[in-house]
Colleague: 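This is the structure I want to talk about, given as structure tokens.
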Amino acid sequence: MAKHHVTTTINGEPVEFLCSTRQTLLDVLRDELNLTGSKEGCASGDCGACSVMLDGRLVCSCLVLGAEAEGKSVETIEGMAEGDRLHPLQQNFLEDAALQCGICTPGFLVAAKALLERNPDPTETEVRYWLAGNLCRCTGYDKIIRAVMRTAAEVRGEAS
Amino acid sequence: MARILLTDSLSKQFTGGVADFEVAAPSVRALIRELEERYPGLGAQVRDGFISVAIDGDIHQDAFLEELAENSEVAFLPAIRGG
Amino acid sequence: MTGEKTEFKWVGTRAIRPDGHDKVTGRAKFGSDFALPGMLQGRVLRSPHAHARIRSIDTSAAEALPGVKGVITSADFADQPAELAAAGEALVNYRDMVRNVMAREKVLYDGHAVAAVAATSAEIAEAALELISVDYEVLDHVIDVDLAMEPGAPILDEELEPAGMEASGPTNIAKRVDFDLGDVEEGFAKAEVVLERSYTTAAVHQGYIEPHAAVASVSEDGQAQIWCCTQGQFMVRAYTARLCGMETSQIRVTPSEIGGGFGGKTVVYLEPLATALSRKTGRPVKMIMSREEVFRASGPTSAGSMTYRIGATRNGVITAFEGTIRLEAGAFPGSPVQPACMCAVAPYDIKNVRLTGYDVVVNRPKVAAYRAPGAPISAFGAESIIDELAKELGFDPLQLRLKNAAKQGTKAAYGPTFRRIGYEETVEQAIASEHYSAPLGPNQGRGVASGFWFNIGGESAATVNINEDGTAVVVSGNPDIGGSRASLALMAAEELGIDYTKVRPIIGDTSSVGYNFLTGGSRVTFATGLAVVEAARDAVRQMCERAAKIWEVESDGVIWRDGHAVPASSNVGDFEPLSLADIAAQSPKTGGPICGHNAQNVQGAGPGFATHICDVEVDPETGRVTILRYTAVQDVGRAIHPSYVEGQIQGGAVQGIGWALNEEYIYNERGQLENPGFLDYRIPVASDLPMIETVVVEVPNDRHPYGVRGVGEVPIVPPMAAVANAIENATGVRMEHLPMSPPRLLAALDAARLPEAAE
Amino acid sequence: MQSVQFEAPGTVEQAVALLAGATGDARVLAGGTDLLVQLRSHMVDPALVVDIKHIEETRTLVRNADGSYTIGSAVAGAEAHEHDRFAAEWPGVMESWDLIGSTQIQGRASLGGNLCNASPAADSVPAMIAAGMTANIAGPGGRRTVPVEDIPVAPGRTSLANGEFVVSFNLPARPAGGGDAYLRLIPRTEMDIAVVGCGVALVLDAGGIVTSARVSLGAVAPTVLLVEDAARAIVGTRLDDDALAALDAACQAACSPINDKRGTIVYRTQVAGVLARRAARIAAERAGSR
């Protein structure tokens, strides 16, 4: 059957693409738009490596059809830094060694950014539960949680 | 004389159960020749099999060219790799 | 070698990793991120049966589907003789390997590859798989190691000849190994307390977040390029060349960024298939495993079953240890049973030890290396029985370990005599920690356990190229799985005396750097690091020679200090120091490019030891366990990049916690894997855990210029017993089987509460 | 595997017409957190997918004048959280919804989807049943309203007729002295399917006596259960130890679970009683705190 013609905004830019019904937003981002920063770890919403913002809400892009993105705004890891300036979370992930292999990192960053935009002063428990849908097998999460907490404190203007 | 330690599996296969003995050899290469002489097959196994050699406690990936001190302890172990 | 320097400018700092920006912006290219023009998508048809004979395969309908460009089966791979090669921990046999990448006479596990398709889209390739018809004769299967050893068990390979033992007929036992130290009978005769226990552990998966992926492109002249996520590009090249009947020089393998491996990417699955499909279709072929395929068809580690006996005097001297360890190899021989035996009680000075191991084939995926292969399994039992012994003797469990600790001069159960090791230090630091004496609440308990891993060196090659502007490129050959580029660059910067940011570490493809053994065995910072240090020193030697030429003095009149060539003494002359940049700028006049190089088979990896402390709380009504607090103490030799050292320790500990509590392969009665996904294969999530406290002990390895020991594997060895010991401390119930999931623990708690009901 | 038609109608009538007119399997897409997994793993092979999120009625959560709620079937948990009173008035329903998957899933997963996926382990369903929720169904024959517990009939199967779908839910006004709670047992802290789930809603009088109760259990039978014996065990009591023991026993007696990868018969049965006791206590605390 004919493909769907979908008009969206991705990382602030107007984007049009064609997709079949079966293609997920993740498939579209990676295979059609060459935005490979969002990763496929499971294709079932269990690992969070494909996390993106869809109309301001954190979702797994593997659980959204490409066709559903019609008229919506999508933000991916590729839109997180502003020009050559990293987002504070990105900077602190680097400084705090909050990544080892790095495959889960884009998903964690997108999810953590969504958290801090809603809750600028999360407790450790809140950070851990918010990020429970993002699997990391390398770090044991310790340095990721610390980097998010430190960023929150910095953004609030508290000395870390 | 270097003190040679074999695993149980190697000693069963090649030395009739002798697992701890002494050999005069200035290097592992010479030791292998000596072992082959004394226990046919053992030298070849140590040279070509998947064997790690521990000389005075240090595990070598391949010790063929290593020199041996007068009282070196040489243990032959299954090859160690890892994840 | 150590002690040359104890003050460092770069080593020991927490520099930002060179590949970091690409990884926080999504720019880094991982296995499945690579694409080529005209690329086809490949998919694999996998067996739904645990054990079946393949009568025939008909691919004609699939081949006829529009968009399908090629189909391969085992007929596309020449058979291989039985010949051993090293792959991670396991020794692989090419006869087995060719059968594992594509089943021949039989399928041996649920998920075993039987055919593969390349098509113009993934949807077409998946549709084509449904059109391949395989005629199977389903056979009885066996999944469990103990059942597989019983007489009358279904036999996987009628021709299997067990090594190290006599067999009276067909068997699933591939090998028996024995390790003996002293005289165990005499040791038990001296013992005043003897305990005997049995333990089992479930098969668990490495659980890397990135599924396997490969792109292969074979040109008409037979040259192949492969891009893939792997722990060893040279391993991929060697195995693919062998299985596809190509010469090594014809294949160029470029490793992508790798999204975790933990040993699971030390073998090939997709690469030979993609290469064969590309050769057949004349187009590049990309293949990616789904998460389900990762679980069903890529290497977990063994399930294990063990029986131990331990004897000790009342004053706490362990006099004897005896054990039998049975490990599942999966469909083909090669479980890590040897290191399991060798590591079981390696932290202890026990004069009389006897360990027997069995390598057993079962209808599961062939095991692959997983972080300290074998050691976590055997240590779970050993560290549990030692805990029971401490209780029996009335000893503090760490004091009992300290009393029996292996140290310099101890003869290890696996043969050699230890040089300087740091085990005692880890126990002492654990005892001294605030954690160890912190109060506990109701239903809470504390457990400790220790662990050991050998660490390895191995073949390593590196080049340090000095650039004309005074910067340097370090080329080495190990995929960076957890920050190794940072540690290599730190050591190179230290040697060259230039800023860390002026050193750019690159991982070469198989055609641009000398051979490197794969990333595994905790070897990269140690062994490849040593090659990088030596290559940097080679570059420094060359730069001193260049300075000598510039100054018109003898080359031994120049030494290197803080990034500058300086006269060795005032006798040489009075010259202004020449910076690395000065020398580099003049290199065309003084002899051309400056390229330091080193290649060696690195020896002398220092053994690693760790001691962990774990606090748990047990819900007595549901059997759920919460990890309250966790401390890992480890001797790392020297931490080149402390953050990544801590990260390795934390990550290893958490993988062990998952292994302890919930991870397991669950099979149905037909031998099919029931939980091939992250939903029901339950790796720990962020909310399951506390912070993982680390105590880094530094007892330098004198075989490395900076004292490095391997770090990555030891931390997965202690956690399972630490958790089990903590549960026992909280509840009085001893868990002898992994995982200690809520249903299992509640059943054990109930049995203890109502002993009559359990009978 | 066939090609799939995708439609995103703007009205209930259009959706019904599409669903009723489909040749072959037609699937309703709300949050998609189950459907997309089933599509990807080839568990379903529909000819038509109807995205109902462009229908206003499925997307709104309103508190009516009488204190009751009308909840669109495609409203996501994260959206419900943003309502100023809903989570405070029906904490059990909200927490059951919150437990469906991760933050990412929360941005998508809907009550309608969780119910109509018809999993016996669906987290929100025991809480919805305990709260006495009903579903507003639209279909070719018009509209009807049925209790939530009447919709799932077997694992993966509902009582919805061809062309029907759930448009919205009715949640009664929280009674004076009412409280609800949902608890589930999972091996980890997040990201698992319930091994057992239990929803309790009850009303206390001024003297702390339970005057009415509804108890519902998930993952212990082919469908989520409304356990009337369990409610009877605590009505008229102050939730003393004897009443809780009777509640525990009634819940255990109602269980007919299976052994599977997530739990055993013995474990599920035993834990159903434990969770019922704990959920009842929490519901009573919430009722008493008003």
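All of these numbers come straight from a predicted model, not from anything done at the bench.
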Colleague: Please classify the contact between C:Thr417 and chain B as side chain, backbone, both or neither, with a heavy-atom cut-off of under 4.5 Å.
Modeller: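 The answer is both parts of C:Thr417.
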Colleague: Compute the centroid of each ring, for C:Tyr414 and then for C:Phe454, and state whether the two points are separated by less than 6.0 Å.
Modeller: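 Distance test on ring centres: under 6.0 Å, yes.
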Colleague: Is it the case that C:Thr266 and C:Tyr370 place a side-chain donor and acceptor less than 3.5 Å from each other?
Modeller: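 Judged by distance alone, the side chains do not pair up.
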Colleague: Answer with side chain, backbone, both or neither: which region of C:Arg354 has an atom nearer than 4.5 Å to a non-hydrogen atom of chain B?
Modeller: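 Neither the backbone nor the side chain of C:Arg354 comes within 4.5 Å of chain B.
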Colleague: Can you tell me if C:Gln648 and C:Arg371 form a side-chain donor-acceptor pair at under 3.5 Å?
Modeller: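 There is such a pair (donor and acceptor under 3.5 Å, judged by atom type) between the side chains of C:Gln648 and C:Arg371.
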Colleague: Does a side chain donor of either C:Arg419 or C:Asn701 reach within less than 3.5 Å of an acceptor in the other side chain?
Modeller: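 No, no side-chain donor-acceptor contact under 3.5 Å.
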Colleague: Which atoms of B:Ile59 come close to chain C, meaning under 4.5 Å heavy atom to heavy atom: side chain ones, backbone ones, both, or neither?
Modeller: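 For B:Ile59, heavy atoms of backbone and side chain both lie under 4.5 Å from chain C.
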Colleague: Find the one option among C:Gly458, C:Gly264, C:Gly164 whose heavy-atom pairs under 4.5 Å with chain B are most numerous.
Modeller: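 The option with the most such pairs is C:Gly458.
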Colleague: Just checking, is any N or O donor in the side chain of C:Ser298 or C:His205 under 3.5 Å from an acceptor N or O on the other one?
Modeller: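 A donor-acceptor contact under 3.5 Å links the two side chains.
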Colleague: Does one side chain, of C:Ser460 or C:Arg523, offer a donor that lies under 3.5 Å from an acceptor on the other?
Modeller: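 Per modelled atom types, C:Ser460 and C:Arg523 side chains form a pair under 3.5 Å.
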Colleague: What's the separation between atom OH in B:Tyr39 and atom CD in B:Gln45, rounded to the nearest 0.5 Å?
Modeller: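 Interatomic distance, B:Tyr39 OH to B:Gln45 CD, rounded to 0.5 Å: 15.5 Å.
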Colleague: Quick check on C:Lys265 against chain B: is it the side chain, the backbone, both or neither that has a heavy atom closer than 4.5 Å?
Modeller: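 Looking at C:Lys265, nothing touches chain B.
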Colleague: Is any residue of residues 18-29 of chain B within less than 4.5 Å of chain C by heavy atoms, and which ones?
Modeller: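 Residues of residues 18-29 of chain B touching chain C at under 4.5 Å: none.
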Colleague: Would you call C:Arg703-B:Asp58 a salt bridge at under 4.0 Å N-O?
Modeller: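 Yes.
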Colleague: Below 4.5 Å from any heavy atom of chain B, which atoms of C:Thr519 appear? Answer side chain, backbone, both or neither.
Modeller: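 Looking at C:Thr519, just its backbone touches chain B.
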Colleague: Judged by atom type as modelled, is there a donor-acceptor pair below 3.5 Å linking the side chain of C:Thr410 to the main-chain atoms of C:Phe418?
Modeller: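 A pair under 3.5 Å: no.
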Colleague: Quick test of your reading of the model: are C:Asp178 and B:Lys12 salt-bridged, counting only N-O distances below 4.0 Å?
Modeller: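 Yes, this pair counts.
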Colleague: Given that the side chain runs from C-beta out, which part of C:Asp180 has a heavy atom under 4.5 Å from chain B: side chain, backbone, both or neither?
Modeller: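 Interface part for C:Asp180: both.
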Colleague: Can you tell me which portion of C:Phe179 sits under 4.5 Å from chain B's heavy atoms? Options are side chain, backbone, both or neither.
Modeller: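 Interface part for C:Phe179: both.
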Colleague: Kindly indicate whether the side chain of B:Leu31, heavy atoms from C-beta on, has any atom under 4.5 Å from the side chain of B:Ile4.
Modeller: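 A side-chain contact exists here, since the closest heavy-atom pair is under 4.5 Å.
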Colleague: Quick check for you: among C:Lys411, C:Gln408, C:Glu459, which has the greatest number of heavy-atom pairs under 4.5 Å with chain B?
Modeller: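 Maximum pair count with chain B is reached by C:Lys411.
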Colleague: Side chain, backbone, both or neither: which part of C:Gln231 has a heavy atom under 4.5 Å from chain B?
Modeller: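 When you check distances to chain B, only side chain atoms of C:Gln231 fall under 4.5 Å.
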Colleague: Could you report the tightest heavy-atom contact between C:Cys343 and C:Phe452, atom names first, then the distance?
Modeller: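 Taking C:Cys343 first and C:Phe452 second, the nearest heavy atoms are SG-CD2, 3.7 Å.
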Colleague: Can we call the ring centroids of C:Tyr239 and C:Phe234 under 6.0 Å apart?
Modeller: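 No.
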Colleague: Measuring only between side-chain heavy atoms, which start at C-beta, is C:Ile173 closer than 4.5 Å to C:Met165?
Modeller: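 Sidechains of C:Met165 and C:Ile173: in contact.
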Colleague: Give me the contact list for residues 65-78 of chain B versus chain C, heavy atoms only, anything under 4.5 Å, ordered by residue number.
Modeller: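 Checking residues 65-78 of chain B against chain C gives B:Glu66, B:Glu73, B:Ala75, B:Leu77, B:Pro78.
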